[in-house]
Amino acid sequence: MVVLAVAAGVALTSGYFFYLRDSSLVAVTDVQVEGVRSGDREAIIVALEEAGEEMTTLHLEADRLEAAVAAFPTVESVRADAEFPHGLLIEVAERPPTVIAQADGREVPIADDGTVLAGLTATKELDLPVLRVQQLPASGRLEGEALDQALVVGATPEELRPLIESIDYAKDYGVVISMEGAIPIRFGPGARGAAKWAAAAAVLADPKLQSLSYVDVRVPERPAAGGATIALTTG
């Protein structure tokens, strides 16, 4: 009998919870959205507010929020926290631009994964390297050689990005980025960009190497430097 009574109590409690979690008593009526700075800011906020107001503070649906902003490429992720009984705080993480793609007089910011950030405007204030491509897609990601170039630039350490002077693609060497001082770095394809940049930085920072004509990090475990002379020190 005791077991039956406990089971009945659990069932009753569960029933009340499922009733309450979708009840108007805990309906979301106050939505706050933080972290949105892109050109589509108002549209993103409205989309999230409308999706949030269809929920309750006991029944948040992350998938619905993500779907509401799926059409905005600047949005990388959303996080929601309920503020009982009627509040909802939504924090938006945006994809930052890392390079400006340029073609036919158009300029569009591009994220580190090659995503076209159509909601952003390419301004001088962004102070990013320029990637010249044959064609700019209206949405989605860059493709082919342009994608490889964007991935390498996207993996560039922030302190080195302002030193990029040009971004090219060579048949034999893949992505080639020339740094300030006209030192070309050969990266190969866009994969493993962070490891390749770490290898390049180690070579460029070596005080014993002087008069470099190029740096090759296509295989980051075995970086090579061309035309280098060794600086000798005497005791």
Side-chain angles (χ1 to χ4, degrees), residues 73-74 76 95-231:
T74 55
E76 183 172 29
R95 291 185 176 92
T98 55
V99 66
I100 303 297
Q102 185 182 83
D104 299 326
R106 290 179 57 215
E107 292 186 336
V108 179
I110 306 294
D112 59 3
D113 63 352
T115 297
V116 178
L117 301 178
L120 289 180
T121 302
T123 63
K124 292 182 179 180
E125 286 73 19
L126 291 177
D127 193 23
L128 295 173
V130 174
L131 169 61
R132 291 174 175 81
V133 299
Q134 292 184 347
Q135 187 175 5
L136 277 172
S139 60
R141 300 174 73 197
L142 297 176
E143 297 180 351
E145 296 176 0
L147 176 58
D148 278 334
Q149 291 170 300
L151 291 175
V152 172
V153 177
T156 308
E158 288 191 18
E159 62 272 20
L160 295 181
R161 194 170 292 136
L163 302 180
I164 293 177
E165 289 192 342
S166 67
I167 309 163
D168 299 297
Y169 196 96
K171 179 181 178 181
D172 293 333
Y173 307 119
V175 178
V176 179
I177 292 182
S178 293
M179 305 297 290
E180 193 173 272
I183 301 174
I185 306 175
R186 302 168 181 175
F187 286 89
R192 303 187 66 197
K196 293 174 181 178
W197 269 113
V203 173
L204 294 172
D206 189 342
K208 295 180 180 179
L209 296 179
Q210 299 179 349
S211 304
L212 291 174
S213 60
Y214 70 86
V215 176
D216 193 318
V217 291
R218 287 176 290 173
V219 181
E221 294 79 11
R222 298 191 298 275
T229 58
I230 305 298

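The structure presented is a predicted model; accordingly, all values stated were derived computationally and were not measured.
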- Task: Could you give me the CA-CA distance, side-chain angles and deciding distance for I183 and V215, then say whether side chain to side chain contact (heavy atoms under 4.5 Å, CB included) is met?
- Result: CA-CA 7 Å; I183 301 174; V215 176; 4.3 Å; yes
- How far apart are the C-alpha atoms of V217 and I185, what are their side-chain angles, what is the distance that settles it, and do they pass the side chain to side chain contact (heavy atoms under 4.5 Å, CB included) test? CA-CA 7 Å; V217 291; I185 306 175; 3.9 Å; yes
- Criterion side chain to side chain contact (heavy atoms under 4.5 Å, CB included) on I177 and F187, from CA distance to verdict: CA-CA 8 Å; I177 292 182; F187 286 89; 4.0 Å; yes
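For D104 (side chain) and R106 (main-chain N/O), no donor-acceptor pair under 3.5 Å exists by modelled atom type. Between the side chain of T74 and the backbone N or O of G119, no donor-acceptor pair lies under 3.5 Å. Not one N or O on the side chain of D112 forms a donor-acceptor pair closer than 3.5 Å with the backbone of G154. Side chain of W197 to main chain of V152: a donor-acceptor pair is present (N/O by atom type, distance under 3.5 Å, no hydrogens or angles). Distance alone, capped at 3.5 Å, places no donor-acceptor pair between the R141 side chain and the G114 backbone.
Within a 6.0 Å sphere centred on CD of E143, heavy atoms belonging to other residues, nucleotides or ligands number 12 at most. In the displayed structure, Q134 atom CD is contacted under 6.0 Å by at most 12 heavy atoms of other residues, nucleotides or ligands.
Of all heavy-atom pairs between P73 and T115, the closest is CB-CG2, 3.9 Å. The nearest pair of heavy atoms linking D148 to G190 is OD1-N, 3.0 Å. Closest of all the heavy-atom pairs between P109 and P97 is CB-CB, 3.7 Å. Nearest approach of P220 to A195, heavy atoms of both residues: CB-O, 3.7 Å.
Here the straight-line distance linking atom CG of L163 with atom OG1 of T156 works out to 10.0 Å at 0.5 Å rounding. Taking CD of E107 as the reference point, atom CZ of R132 lies at 8.5 Å (rounded to 0.5 Å). Distance check: D127 CG to T123 OG1 gives 9.5 Å after rounding to the nearest 0.5 Å. Of the inter-residue distances, the one linking Q149 atom CD with I167 atom CD1 reads 7.0 Å to the nearest 0.5 angstrom. In this structure, T98 OG1 and L128 CG are separated by 7.0 Å, a value rounded to the nearest 0.5 Å. Between E180 atom CD and S166 atom OG the span is 12.0 Å, to the nearest 0.5 Å.
Side-chain contact between L142 and I110 is present, with heavy atoms from C-beta onward closer than 4.5 Å. In this structure, the side chains of L131 and V153 stay at 4.5 Å or more apart for every pair of heavy atoms.
Contact check on R218 versus D216 returns a salt bridge, with a Lys/Arg side-chain nitrogen under 4.0 Å from an Asp/Glu carboxylate oxygen. Residues D113 and R95 are paired through a salt bridge, judged by an N-O separation under 4.0 Å between the basic side chain and the carboxylate. Between K196 and E221, no side-chain nitrogen of the basic residue sits less than 4.0 Å from a carboxylate oxygen of the acidic one, so the salt-bridge criterion is not met.
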